[in-house]
There are 2 protein chains.
Amino acid sequence: MSEKPVSSAGLRRDMEILEVLAGHGDGPDADGFGVNWIAERLGREKSQVSRALRALEAEGMVERDPVTRRYRLGWRLFSLAARTQQSRLVRVAEPFLRHLATLFDEDTHLCVLRGEMVLTLSSVPSSRAYHRIWEGVSVPVIMAAAGRSLLADWEDGQIRELLRAALPSGLDSAISGEEQWLADIEHVRAFGYAVTDVELEDSAAGVSAPVREHRGLIAAAISVSVTRTPAESRMREMGAVVAETARRLSTALGLPPGAPGPGSDRSPDPAGSAGGR
Amino acid sequence: MSEKPVSSAGLRRDMEILEVLAGHGDGPDADGFGVNWIAERLGREKSQVSRALRALEAEGMVERDPVTRRYRLGWRLFSLAARTQQSRLVRVAEPFLRHLATLFDEDTHLCVLRGEMVLTLSSVPSSRAYHRIWEGVSVPVIMAAAGRSLLADWEDGQIRELLRAALPSGLDSAISGEEQWLADIEHVRAFGYAVTDVELEDSAAGVSAPVREHRGLIAAAISVSVTRTPAESRMREMGAVVAETARRLSTALGLPPGAPGPGSDRSPDPAGSAGGR
DNA sequence: ACTTATTTTGCGCTGAATGCAACCAAACAC
DNA sequence: GTGTTTGGTTGCATTCAGCGCAAAATAAGT
């Protein structure tokens with residue numbers, strides 16, 4: 001029996017080409033691939049690949065280095081993705097939130113960082129809900145359970161700065177709070193989730209995990225609030241699950257499997273060596 | 001005369017569809033788009049659009065909400081976009097942008113030159129954000145605050161040519177605008193940053209500075225838009241900081257610390273600009 | 001139930017993609 | 001310089017895949 005042509009031939013070819021161009025690891029060095037190499041790798045006619053690439057270039061899907069004559073992925077892809085990621089986030093996240101909400105039977109939220117505030121984009125309530133509606137509500141970063149996850153990529157210096165501006169200064173509790181915060185964030189970096197206890201803040205306890213968009217930047221955080229605080233071990237279990245869910249959501253958003261964002265290639269301090277560390 | 005078939009028909013159609021899906025804002029709300037709506041908007045047969053979308057879905061370029069039956073861009077596109085040259089740039093630049101954004105509490109952008117348009121790669125909003133999302137959006141060079149920084153290495157003749165093509169010709173304002181532009185660009189060459197006032201253009205004021213890649217070529221520009229225009233001196237202070245940050249970013253991108261690219265090898269300039277500022 | 005709105009499918013017809021081979025252009029060797 | 005290798009584009013006849021129309025299917029109101 002013949003396979004039904006789900007995808008048109010031309011598109012399939014184009015996608016294969018793009019996929020080859022995306023795979024920057026096996027081929028000859030970092031920047032770009034030549035027509036011949038691509039054709040050989042795909043087992044296609046050079047002429048087809050040549051023509052297809054010209055067409056793709058005209059559309060901005062690929063761009064060609066004028067001197068080396070090699071192709072790589074183009075700005076158009078970036079542009080398309082960048083414009084849509086925002087609105088996509090909520091829709092793609094919904095099933096994941098629902099999954100967590102039913103699994104734990106706790107309120108689950110999707111939050112983003114806006115300035116120094118955490119904005120809750122959407123919430124899925126638990127079954128036994130008397131619940132407050134948090135959608136559209138902003139709270140300061142330090143108050144929010146999701147805050148730790150959202151700041152995970154920040155430089156320590158910037159985090160301190162932010163905390164000092166927000167916490168009542170001079171108090172011992174502030175100092176310890178600051179250290180606690182940094183420890184929590186280190187925990188996020190290491191294990192992919194944060195456990196928030198009910199400390200100085202009045203918000204409920206909960207766990208949260210960062211969600212990364214296609215480029216690897218933290219775009220949002222999933223947070224599960226916990227009403228009756230359970231045992232420490234239980235919280236960690238939940239954390240691991242939430243982290244895994246956040247990771248899957250990140251993949252659904254287009255995050256390439258390989259690198260979970262900055263942290264691997266720690267970039268130099270943008271503030272320069274001026275600040276004390 | 002026959003138009004030369006630069007791009008294949010199928011690809012063109014697919015790109016138009018993707019472009020529609022990316023353009024949220026005008027259509028029916030934030031949700032995706034239906035086959036009919038897309039077909040009507042493109043002036044194409046519904047059947048074509050339907051089939052094309054199914055093919056695109058099979059490739060993961062678009063995805064369909066199973067309940068609303070509407071399409072939106074898919075994970076594959078984002079995954080590809082993440083491996084773009086631009087994406088790498090964004091990742092490295094992000095901490096630098098965030099630094100500037102919190103330092104000045106103003107919207108900060110990373111822009112690249114694409115043809116005669118300036119494409120905004122990423123934006124870090126200020127805390128008081130009323131903010132439009134500029135990511136992935138292109139504006140003409142002359143309209144963008146970052147334009148001056150991006151064109152800093154161009155020959156004066158080419159810049160004039162570009163400006164004449166863009167500005168309304170014959171007007172006095174155009175002439176003065178052209179001279180102003182060249183003066184601004186000379187300022188970039190000398191001091192490493194540009195201050196954009198609100199002149200004939202409707203864009204906001206701001207400062208910008210060019211970012212150079214490893215070869216010393218201008219690869220992007222950092223621009224900080226300023227909402228309430230502050231004093232001239234304040235703008236210069238900001239400019240110096242932005243220029244310094246751009247320089248650090250350039251280093252992070254692999255630019256050898258010594259040579260800030262073309263401009264240094266211009267005229268000998270014995271007047272002692274060696275110290276930079 | 002009916003009616004409307006929206007999407008998919010069947011099917012001849014036409015035009016555009018295909019593959020081969022010839023052609024072009026650098027790069028490298030001698 | 002001449003010849004050779006490697007990498008890329010173009011001409012052209014054949015054929016197959018996409019095209020549009022209209023009808024069928026599906027979902028959504030009423």
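Throughout, protein chains are lettered first and strands after them, A, B, ... in sequence-line order, and every chain is numbered starting at 1.
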Can you measure Leu42(B) atom CG to dC19(D) atom C1' for me and round it to whole angstrom units? 16 Å

5'-most contact on DNA chain D (nearest-nucleotide basis), Gly10(A) vs Val35(A), goes to Val35(A)

Pair Glu213(B) + Arg215(B), salt bridge at N-O below 4.0 Å: no

Heavy-atom neighbours of Gln158(B) CD exceed 12 at 6.0 Å: yes

Less than 4.0 angstrom from a charged side-chain N to a carboxylate O is my criterion; do Glu19(A) and Arg41(A) meet it? no

For a quick test of reading the model: is some side-chain N or O of Ser50(B) closer than 4.0 Å to OP1 or OP2 of dT9(C)? no

If the threshold is 4.0 Å, N to carboxylate O, is there a salt bridge linking Arg189(B) and Glu186(B)? yes

Can Ser79(A) and Arg83(A) be said to form a side chain to side chain donor-acceptor pair (under 3.5 Å), step by step? CA-CA 6 Å; Ser79(A) 177; Arg83(A) 269 177 288 169; 3.1 Å; yes

d(CG, Leu53(A); P, dT10(D)) in whole Å: 13 Å

Between Arg114(B) and Ser138(B): side-chain donor-acceptor atoms closer than 3.5 Å: yes

Dump every N/O contact between nucleotides 19-21 of chain C and the protein below 3.5 Å, one line per pair.
residue	atom	partner	partner atom	Å
dG19(C)	N7	Gln48(A)	NE2	3.0
dG19(C)	O6	Arg51(A)	NH2	2.9
dC20(C)	OP2	Glu45(A)	OE2	3.0

Could you tell me whether the side chain of Leu150(A) reaches within less than 4.5 Å of the side chain of Val112(A), counting heavy atoms only? no

Does dT9(C) have OP1 or OP2 under 4.0 Å away from a side-chain N or O of Arg54(B)? yes

Rounded to whole Å, the CG-P distance (Leu56(A) to dA17(C)) equals 12 Å

From dG18(D), dT9(D), dT7(C), pick the nucleotide closest to the side chain of Tyr71(A)? dT9(D)

Whole-Å distance separating the NZ atom of Lys46(B) from the C1' atom of dG20(D): 12 Å

Looking at Arg64(A), I'd like to know whether one of its side-chain N or O atoms comes within less than 4.0 Å of OP1 or OP2 on dG8(D). no

Round to the nearest Å and state the distance from Leu11(B) atom CG to dG18(D) atom P. 13 Å

Heavy-atom count around Glu40(A) CD within 6.0 Å, excluding the residue itself: above 12? no

Could you check how far CD1 of Ile38(A) sits from C1' of dT9(D), rounded to whole Å? 15 Å

Short heteroatom pairs, N/O only, protein and nucleotides 24-30 of chain D, under 3.5 Å:
none

Between C1' of dA25(C) and CG of Asn36(A), the distance in whole Å: 13 Å

Side-chain heavy-atom pair Leu18(B), Arg76(A) within 4.5 angstrom cut-off: no

Rounding to a whole Å, what distance do you find between Arg13(B):CZ and dA16(C):P? 13 Å

